[in-house]
Amino acid sequence: PGGEREVLGNPLAPETLARIVARFLDEDPSIAMIAITGGEPMVQAGFLAAWLASSPPRVATLLETNAIVTSGLADVLAGVDLVSADVKLP
């Protein structure tokens with residue numbers, strides 16, 4: 001936010017991600033949705049569930065997944081508004 005840079009350790013704590021997301025939303029009220037994507041976000045289902053349960057973003061949340069990893073899905077879905085599943089056929 002604001003062109004600032006911050007070096008953070010890896011992995012982040014859910015509270016740290018919540019703070020960062022809140023700063024972006026505070027600085028840009030035009031943000032209407034957060035997309036959770038990456039390699040495959042469901043590989044980090046425990047982290048995502050903890051973050052979404054403890055500090056849900058105040059805007060809609062999209063989970064973009066390849067729909068292969070289902071472990072922990074129910075816990076993540078509780079904090080997600082929309083799912084985009086990119087199903088690939090063999």
Side-chain angles (χ1 to χ4, degrees):
E4 301 166 16
R5 293 185 67 120
E6 184 177 355
V7 177
L8 302 169
N10 189 5
L12 292 178
E15 299 79 22
T16 303
L17 180 59
R19 178 180 54 83
I20 293 167
V21 169
R23 282 185 60 202
F24 273 98
L25 296 176
D26 288 344
E27 291 190 20
D28 187 350
S30 70
I31 296 173
M33 181 177 281
I34 293 174
I36 302 169
T37 186
E40 171 48 49
M42 286 304 298
V43 172
Q44 302 296 329
F47 173 85
L48 291 174
W51 167 54
L52 292 168
S54 68
S55 304
R58 59 184 183 262
V59 296
T61 305
L62 162 75
L63 172 66
E64 188 172 320
T65 176
N66 64 19
I68 291 175
V69 179
T70 59
S71 176
L73 183 61
D75 293 331
V76 173
L77 289 180
V80 170
D81 299 293
L82 182 65
V83 175
S84 173
D86 184 17
V87 179
K88 303 223 184 326
L89 300 175

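Across all non-hydrogen atoms, the minimal contact from Gly72 to Ala45 is CA-CB, 4.2 Å. Taking each heavy atom of Phe47 and Leu12 in turn, the nearest pair found is CE1-O, 3.2 Å. Nearest approach of Gly38 to Pro41, heavy atoms of both residues: N-CD, 4.3 Å. Residues Ala32 and Val59 approach most closely at O-CB, 3.5 Å, considering heavy atoms. A pairwise comparison of heavy atoms in Ala49 and Asp75 identifies CB-CB, 3.7 Å as the closest pair. Of all the heavy atoms in Thr61 and Val80, the pair that sits closest is O-CG1, 3.5 Å.
Residues Leu82 and Leu63 are members of separate hydrophobic clusters, defined by side-chain heavy-atom contacts under 4.5 angstrom among Ile, Leu, Val, Met, Phe, Trp and Tyr. One hydrophobic cluster, built from ILVMFWY side chains closer than 4.5 Å, cannot hold both Val43 and Ile68; they sit in different ones. Note on Met33: it does not cluster hydrophobically with Leu17, by side-chain heavy-atom contacts below 4.5 Å among ILVMFWY residues. Hydrophobic clustering (side-chain heavy atoms under 4.5 Å, transitive across Ile, Leu, Val, Met, Phe, Trp, Tyr) groups Val69 together with Leu48.
Listed by first and then second residue, the salt bridge (charged side-chain N to carboxylate O under 4.0 Å, His left out) pairs that reach into residues 37-50 come to none, sequence neighbours excluded. Pairs passing the salt bridge (charged side-chain N to carboxylate O under 4.0 Å, His left out) check and including a residue from residues 46-58, sequence neighbours excluded, read Asp26-Arg58.
By the side chain to side chain donor-acceptor pair (under 3.5 Å) test, Asp81 pairs with no residue at all, sequence neighbours left out.
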side-chain contact (heavy atoms from CB on, under 4.5 Å) between Val21 and Trp51, intermediate numbers included: CA-CA 11 Å; Val21 169; Trp51 167 54; 3.9 Å; yes
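Proximity of Leu8 to Ile20: side-chain heavy atoms (C-beta onward) are separated by under 4.5 Å at one or more points. Residues Ser84 and Leu62 are in side-chain contact: their nearest non-hydrogen atoms beyond the backbone lie under 4.5 Å apart. Two residues are said to be in side-chain contact when any heavy atoms from C-beta on lie closer than 4.5 Å; Leu52 and Pro14 fail this criterion.
The CD atom of Glu6 sits 6.0 Å away from the CZ atom of Arg23 when rounded to the nearest 0.5 Å.
Screening Val76, Asn66, Thr70 for a side chain to side chain contact (heavy atoms under 4.5 Å, CB included) involving Met42 leaves a single residue, Val76.
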